Amino acid sequence: MSDPRAWEMRVFLRVATRGSFSAGGRDMGMTPSATAKLITRIEERLGVRLVERSTRRLRLTAEGDLYRERAEALLRDLDAFDAEIAGGARLPTGLIRINVSVPFGRHCLLPLLPAFTDRYPGIDLDLTLTDEVVDLYAAQADVAFRTGRLPDSALLAVRLGDVRRRIVASPAYLARRGVPRSPADLEQHDCLGFNFRRAAAVWPLKTGGRLMDREVHGRIQANNGETVRHLALLGLGLARLAEFHVRDDIAAGRLVTVLDEAMVDREEIHAVYIGRERAPRRVQAFLDFTTPRLRSVLQ
């Protein structure tokens with residue numbers, strides 16, 4: 001490797017993985033003394049300690065953990081860039097780490113992957129489905145799908161469309177508890193909720209010509225929209241879910257919408273990725289393939 005800093009990163013990562021200067025250095029063809037001096041040189045340049053030395057095993061400091069995360073991401077992109085240049089006009093290759101909510105992943109993104117993997121056999125996918133919003137840098141994600149207002153950040157975003165929410169319940173639940181005719185009637189119903197920290201126990205509903213956040217209550221909460229959907233199908237309460245998420249259930253009569261005239265809230269959904277002037281070729285291929293198809297799904 002001609003770039004000295006890239007070489008230093010690779011040595012550091014090997015030492016961090018092996019837990020010792022001698023084992024890590026041996027893997028890289030270096031003596032323990034030369035390996036220790038290289039790590040010290042990195043620390044002196046950065047002005048921080050990256051590893052805690054002991055007679056048994058090395059331990060990374062908090063700064064060392066951060067350096068390891070950033071080094072892995074940088075080297076991954078560097079290797080992919082080298083492969084792209086060497087490959088010329090060949091199809092892109094490499095790993096794409098994707099973070100997506102459980103409902104959007106299950107109902108919108110996953111159905112697109114068979115065709116994508118057929119078109120790009122050299123691209124590997126690492127999927128994380130979670131309704132928690134994660135830090136792309138900490139999660140080492142290349143692409144994430146986000147619903148709602150995007151905070152100011154260095155991330156780049158591609159708008160996919162709008163997500164409309166619907167309040168739904170099973171016919172059995174409505175037969176047992178009655179159909180709510182106004183937002184005020186929700187006080188008499190079990191409203192299924194979410195238990196992650198960013199979730200608010202309020203539903204934005206149009207009341208008297210104004211959009212207002214109405215506090216709701218329920219006996220059951222879950223950590224993702226797909227579980228909430230199943231709870232609604234089981235007749236355990238009302239659920240406020242994305243239209244794409246329950247479209248098939250509504251068409252089949254498994255779920256019924258209520259308070260349609262009060263449900264006017266919409267949120268934008270974006271594909272976001274680490275802010276660079278040019279995304280890696282494999283990431284750009286993924287975005288170019290999925291964006292028009294996801295926009296069609298959301299219409």
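Any value given below was found using the heavy atoms of this structure, including those in side chains, with hydrogens, waters and symmetry copies removed. Values in this document were obtained by computation on a predicted structure and should not be read as measured data.
Under the 4.5 Å side-chain criterion, counting only non-hydrogen atoms from C-beta, Ile42 is in contact with Leu50. Counting heavy atoms from C-beta outward, Arg18 and Arg26 have side chains that approach closer than 4.5 Å. Counting only heavy atoms from C-beta outward, the side chains of Arg45 and Glu8 approach each other to under 4.5 Å. In this structure, the side chains of Glu43 and Glu63 stay at 4.5 Å or more apart for every pair of heavy atoms. Counting heavy atoms from C-beta on, the side chains of Leu113 and Leu110 come closer than 4.5 Å. Val179 has its side chain out of reach of Val256: every pair of non-hydrogen atoms, C-beta onward, lies at least 4.5 Å apart. Under the 4.5 Å side-chain criterion, counting only non-hydrogen atoms from C-beta, Met9 is not in contact with Glu72. With a 4.5 Å cut-off on side-chain heavy atoms, Val163 and Glu243 do not count as touching.
Looking at Asp131, its side chain does come within 3.5 Å of a backbone N or O of Val102 through a donor-acceptor pair. Asp288 places no side-chain N or O within 3.5 Å of a backbone atom of Ala285 that could act as its donor or acceptor partner.
No salt bridge links Arg41 with Glu44; every basic N to acidic carboxylate O contact stays at or beyond 4.0 Å. At a threshold of 4.0 Å, the pair Arg165-Asp162 does not count as salt-bridged, since none of the basic side-chain nitrogens sits closer than that to a carboxylate oxygen.
In the hydrophobic clustering of this structure, Leu60 groups with Leu74; members are Ile, Leu, Val, Met, Phe, Trp, Tyr whose side-chain heavy atoms approach within less than 4.5 Å, directly or through other members. Hydrophobic clustering, with ILVMFWY side chains joined whenever heavy atoms are under 4.5 angstrom apart, groups Leu287 together with Leu125. Val297 and Phe286 fall into different hydrophobic clusters, defined by Ile, Leu, Val, Met, Phe, Trp and Tyr side-chain heavy atoms under 4.5 Å apart, directly or through other members. Residues Leu66 and Ile39 are members of separate hydrophobic clusters, defined by side-chain heavy-atom contacts under 4.5 angstrom among Ile, Leu, Val, Met, Phe, Trp and Tyr. By the criterion of side-chain heavy atoms lying less than 4.5 angstrom apart, applied directly or through intervening Ile, Leu, Val, Met, Phe, Trp or Tyr residues, Ile96 is grouped together with Leu127 in one hydrophobic cluster.
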Should Arg282 and Tyr120 be marked as a side chain to side chain contact (heavy atoms under 4.5 Å, CB included) after you check the CA-CA gap, both sets of side-chain angles, and the distance that decides it? CA-CA 9 Å; Arg282 67 190 186 283; Tyr120 297 103; over 6 Å; no
Could you check Val202 against Arg214 for side chain to side chain contact (heavy atoms under 4.5 Å, CB included), going step by step and ending with a plain yes or no? CA-CA 5 Å; Val202 295; Arg214 179 169 291 274; over 6 Å; no
I would like to know whether Arg240 and Leu205 meet side chain to side chain contact (heavy atoms under 4.5 Å, CB included); could you show each step before the answer? CA-CA 11 Å; Arg240 174 178 169 265; Leu205 297 166; over 6 Å; no
Let me see the working for Met28 and Thr35 under side chain to side chain contact (heavy atoms under 4.5 Å, CB included), right down to the final yes or no. CA-CA 9 Å; Met28 303 299 291; Thr35 305; over 6 Å; no
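With sequence neighbours left out, Arg177 forms a side-chain hydrogen bond (donor to acceptor under 3.5 Å, both in side chains) with Asp190. Applying the side-chain contact (heavy atoms from CB on, under 4.5 Å) criterion to Ala169, with sequence neighbours excluded, gives Tyr173, Leu174, Leu238. Looking at residues two or more places apart in sequence or on another chain, you find no side-chain hydrogen bond (donor to acceptor under 3.5 Å, both in side chains) involving Ser170.
Minimum heavy-atom separation, Cys108 to Phe244: SG-CD1, 3.4 Å. The nearest pair of heavy atoms linking Leu259 to Pro180 is CD2-O, 3.6 Å. Of all heavy-atom pairs between Gly253 and Pro171, the closest is O-CG, 3.5 Å. Leu160 and Leu294 get closest at one heavy-atom pair: CD1-CD1, 3.9 Å. The shortest non-hydrogen separation linking Thr257 to Arg166 is CG2-NH2, 3.4 Å. When every heavy atom of Ala222 is checked against every heavy atom of Thr227, the shortest pair comes out as CB-CG2, 3.6 Å.
Separating the NE2 atom in His230 from the CG atom in Leu192 is a distance of 13.0 Å, to the nearest 0.5 Å. Distance check, rounded to the nearest 0.5 Å: CZ of Arg281 to OG1 of Thr93 gives 8.0 Å. Going from atom CG of Leu241 over to atom CZ of Arg164 covers 13.5 Å, rounded to the nearest 0.5 Å. A distance of 9.5 Å separates OG in Ser22 from CG in Asp27, rounded to the nearest 0.5 Å. Going from atom CG of Leu255 over to atom NE2 of His245 covers 9.5 Å, rounded to the nearest 0.5 Å. Note: Gln221 CD to Phe194 CZ = 10.0 Å, rounded to the nearest 0.5 Å.
Inspection of the His217 and Glu187 side chains reveals no N or O donor paired with an N or O acceptor under 3.5 Å.
Taking the six-membered ring where the residue is Trp, Phe12 and Tyr67 present perpendicular rings, their angle passing 60° and hence far from 30°.
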